[in-house]
Structures are given as C-alpha cells and as structure tokens.
2 protein chains.
Amino acid sequence: MVRERVEEAKGTRERILDVALDLFVEKGFDKTSLREIAAQLGFSKAALYYHFASKDDILLALHHRLHQLMFVDDGWPLGGQRITVGLWVTMLDGFIDKIPANRQLIALHERNRAAFEALHDKEHERVHGDLDEQLLAALEDPSIPDRQRVRMAVAFAGIMGGLLFSGDSLGGMSNEEMVDELKRAVHAVLEV
Amino acid sequence: MVRERVEEAKGTRERILDVALDLFVEKGFDKTSLREIAAQLGFSKAALYYHFASKDDILLALHHRLHQLMFVDDGWPLGGQRITVGLWVTMLDGFIDKIPANRQLIALHERNRAAFEALHDKEHERVHGDLDEQLLAALEDPSIPDRQRVRMAVAFAGIMGGLLFSGDSLGGMSNEEMVDELKRAVHAVLEV
DNA sequence: GTCTATATTTCGATAGAC
DNA sequence: GTCTATCGAAATATAGAC
C-alpha cells in the first residue's frame, strides 16, 4: 500500500535525523561528514540524498524539531501579544518541563550556534524565524525596563546552557528534581 | 635591533588573532577559511603559516586568551582549595567585571563550543584544562548539594549566554548598568 | 531506495624563491 | 616575513545502474 511506503520513508527520515543529531552533538555539525552518518545507519552516503537535498537540509530539519519544541503549545509565539515577565516565566516553565526528554536537541543548539546562524543566513526564506531571533524580538520590547530584560535573557540562557554542565556531573539527580530546581532558579532570577 | 623584530612579529601575531576572532565569531570557526583571514589582513594565506603552525593553532591561541581572562587573578584556579558557593559568587563577580572589554572572546566560546571541544580532544597535551572542563570539575564536588550545584551552573551559563542576547537588544544600557545587573542576577540565582 | 563511481570544489598545508 | 604555485585530502553533491 501507499500508506506503508510513506511511513517507511518517514521512518527512515527520522532515523537519519536521530543519527545526525547524535553525531552533530558529539563532533559538531561541520566536523561530521555525511559518510559517517550513512555508515552508522548501515547504508551509503548517496542514499541520504534521496531523503534530504543537502547536508544543510538535515540541520534544517533538526532546527524544525527544536522550533516545534519551543513554539508549539505553551501559547507561543504570542500572536501579537505583548511580552511580559509573567508570560516569560510561564513560557520558560513550560520549556523546562520538556527538557529531560529533549536534551540532545538543546545541546545541538548550544554547541553549534554558528552553524545554525549560517543556516539562517543562507535559507532565510525557509527559516522564517530562528529560535534566537524570535526570543530576541521578544526581548527588544522597549516597554520592559532594561534591567528586567537582562534578567529575562540570563534566565533563558541559564537553563539552556546550564544543562550542558549538569548533564555529566549531576547524574545523581532525578529528572523531577532537576526540573524543579531549574524552575526555582528561573523564578529567583526573575524575582517571581 | 632584535628587540624591534621580535615586537613586530608579536604585533602581527596579535593582529592575526584579532582578525581571526572577528571572523570566527561572525561566520563560525569551521566556515572561516585561512584565505579569508589573510585577505582581511592584506597578505597571503601562506604567510599565516609563518606565525601559526595550523588553523587549530590559531584557535588554540584564542583559547589561551580566554583562559587567561578567566583564570588569572581572581584567585583561580583555586589551587586545591575546595569550591564553595561563596567562592563561586566571588569568581563570577570578578568575571562579570571583565565582560564589557571581552565580549568577542566570550561570544567566540559560546558560538563555537563544538570546535573548542574538538580542539581539546586533539591537542590534549597542550590544552591542559579546558574552560568548561575546569568549571565542571568544580561543579562535581560532592560536598555541595545537587540543587546548589544546579544553581551554580545556571548562574554561570546565564551570564555567558545572556550576553549574546543582550549585545544587540540592550544597546541603551551602559556597561556599568549591565555589569551591575548581571551581578544582581547572579546573586539572585545563588541566593546571596 | 539504495548502490557504485565520479564530478567538483574547497581547504589546509608545504615547497621553495625572494 | 611574505610571496607564488602546488599538493593532497576530504567533503558535498550528482549520474546512472539496479
């Protein structure tokens, strides 16, 4: 049936993305070759081009995963709504809940910022709003005092980047404790 | 005189590093070619090899700059001293003071984490202790409660990463205000 | 959908003159 | 210290068979 073929293709596509995600995090986007991705999947490099038009396209798809993670549900991207500190906290709390299941994706972004931005420059018509770009736009709202905007930036960067450190050294903590403490930290920064 | 030749060489070396720093931040380490660096300096690619043994060597020198920035003065790297939250705050406060004059260097690290780590893997004998590695070691001290270590990680990541956002959108703030507010945020996270 | 083989390009690095 | 010229390696991407 057509249905089966479609799902099989989709499955392979997702498998490629999973492998690419692991390698991009471990070695970095630029130092990971398509040959390596293909080898780990058990087929040849050329086969990747049946599923993705280019290497950038693979990163773009992973970008999309992260984008979905941040901007779906949770009331984002705030269709026209003006940002407030309260909304910011709500958004970050929602995001923190998703962290344990999506560490790799966040690590990808943290460790390959330059590659993501180059992608954005090149394919600006497809990447309509980069992650950082949308958050920056929210932080540019002049109706919020500068000092509060600094706090909002620190809070966001703290949970994104703090994860890289905590991943290895805090294995003793459960996900629930981690999530809970990240929220407390965010609330402390934003004085809620 | 020999003195003059030496200083001239040193000056060129530093100029190369300055240009490389700008390009590595803007385009990313991997997507910046030696040809571009040389072109911007007004001489040929091969000339770079008189001053640096390899492209990695240039990044290594910039790594050294960052290393100096973080671990000189300020009582680091804590020769054997056990880390405490109080010491952590002191260290971060000292670091925050240096931020305005060294934004590019921090941005380099934030935007090219993967490249830095690859460097570390390859030249482990020369990069005796990577930035993140030393900080991670401090955060692994089991005598500090897990929750407090999360806070310490968030505080550090917050000031490193928050800078990337604040750079563009908070041009209205003076460096003094920025430094002051970053310190307040750090203190809030660490409940000092 | 996956393969082999190859085209094309770009880059890091070296050799040797000046 | 800087140049021109070139090497060699690796990577992305394509062509065409199966």
Side-chain angles (χ1 to χ4, degrees), chain A residues 1-20 23-24 26-63 112 114-116 118-119 121-123 126, chain B residues 1-20 23-24 26-63 112 114-116 118-119 121-123 126:
Chain A
M1 308 260 306
V2 174
R3 174 85 185 270
E4 277 167 352
R5 268 207 300 275
V6 170
E7 280 181 347
E8 205 174 6
K10 198 176 178 183
T12 301
R13 212 185 128 93
E14 295 304 312
R15 273 177 60 225
I16 292 172
L17 290 179
D18 290 340
V19 169
L23 288 172
F24 290 169
E26 186 192 327
K27 312 188 43 171
F29 174 73
D30 295 281
K31 291 190 178 65
T32 300
S33 68
L34 296 179
R35 193 201 137 277
E36 280 179 284
I37 297 173
Q40 188 150 327
L41 282 160
F43 51 67
S44 98
K45 181 182 59 171
L48 292 176
Y49 283 91
Y50 176 82
H51 300 277
F52 294 95
S54 68
K55 187 185 179 185
D56 280 354
D57 222 47
I58 297 179
L59 186 61
L60 194 65
L62 290 171
H63 166 94
N112 296 279
F116 267 96
L119 195 67
D121 291 343
K122 196 176 176 185
E123 322 224 9
R126 301 180 65 185
Chain B
M1 307 260 306
V2 174
R3 176 84 186 270
E4 278 166 353
R5 267 207 301 276
V6 169
E7 278 178 350
E8 205 175 4
K10 198 176 179 182
T12 301
R13 212 185 128 94
E14 295 304 312
R15 273 177 60 225
I16 292 172
L17 290 180
D18 291 340
V19 169
L23 288 172
F24 290 168
E26 185 192 327
K27 314 188 38 171
F29 174 73
D30 295 281
K31 291 189 178 64
T32 301
S33 68
L34 295 179
R35 194 200 136 276
E36 280 179 282
I37 298 173
Q40 188 149 328
L41 282 160
F43 49 68
S44 95
K45 182 181 62 171
L48 292 176
Y49 283 91
Y50 177 82
H51 301 277
F52 294 95
S54 68
K55 188 185 180 185
D56 280 354
D57 222 46
I58 296 178
L59 186 61
L60 194 64
L62 290 171
H63 165 94
N112 296 279
F116 267 97
L119 194 69
D121 291 344
K122 197 177 175 184
E123 320 225 11
R126 300 180 65 185

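Residue numbers begin at 1 in each chain, while the letters A, B, ... track the order of the sequences.
One atom, CG of A/L48, and another, P of C/dG1, lie 14 Å apart when rounded to the nearest Å. Regarding B/D56, its CG atom lies at a distance of 16 Å from the P atom of C/dC11, rounded to whole Å. In this structure, the CG atom of A/L41 is 14 Å from the P atom of C/dG1, given to the nearest Å. Rounding to whole angstrom units, CG of residue B/L23 and C1' of C/dC11 are separated by 15 Å. Distance, A/R13 CZ to C/dG1 C1': 15 Å, rounded to whole Å. When the C1' atom of D/dT12 is taken as reference, atom CG of A/D57 falls 13 Å away, rounded to whole Å. Whole-Å rounding puts the A/F52 CZ to C/dG1 P distance at 13 Å. Taking atom CD1 of residue A/I37 and atom C1' of nucleotide D/dA13, one finds them 14 Å apart after rounding to whole Å.
Of all the heavy atoms in A/A61 and A/F52, the pair that sits closest is CB-CE2, 4.0 Å. Closest heavy-atom contact between B/A20 and B/I37: CB-CD1, 4.0 Å. Of all the heavy atoms in A/K27 and A/E36, the pair that sits closest is NZ-OE2, 2.7 Å.
As judged by a 4.0 angstrom heavy-atom cut-off over every strand, A/Y49 is placed among the base-contacting residues.
Remark: B/A47 engages B/F43, B/S44 in a side chain to side chain contact (heavy atoms under 4.5 Å, CB included) (not counting sequence neighbours). Residues passing the side chain to side chain contact (heavy atoms under 4.5 Å, CB included) test with B/Q40 are B/V19, B/L23, sequence neighbours excluded. Under the salt bridge (Lys or Arg N to Asp or Glu O under 4.0 Å) criterion, B/K55 pairs with no residue, sequence neighbours left out. Evaluation of the side chain to side chain contact (heavy atoms under 4.5 Å, CB included) rule for A/A114 yields B/R111, B/N112 as partners, not counting sequence neighbours.
For A/S54 and B/S44, each mapped to the nucleotide of DNA chain D holding its nearest heavy atom, the one lying further toward the 5' end belongs to B/S44.
Taking CD1 of B/I58 as the reference point, atom NE2 of B/H51 lies at 10.0 Å (rounded to 0.5 Å).
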Anything under 3.5 Å between a protein N or O and an N or O of nucleotides 16-18 of chain D, put it in a table, one pair a line.
none

Close N or O pairs between protein and nucleotides 6-11 of chain D (under 3.5 Å):
none

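Between A/F24 and A/F29, the ring-plane angle classifies as perpendicular under the 30° and 60° cut-offs.
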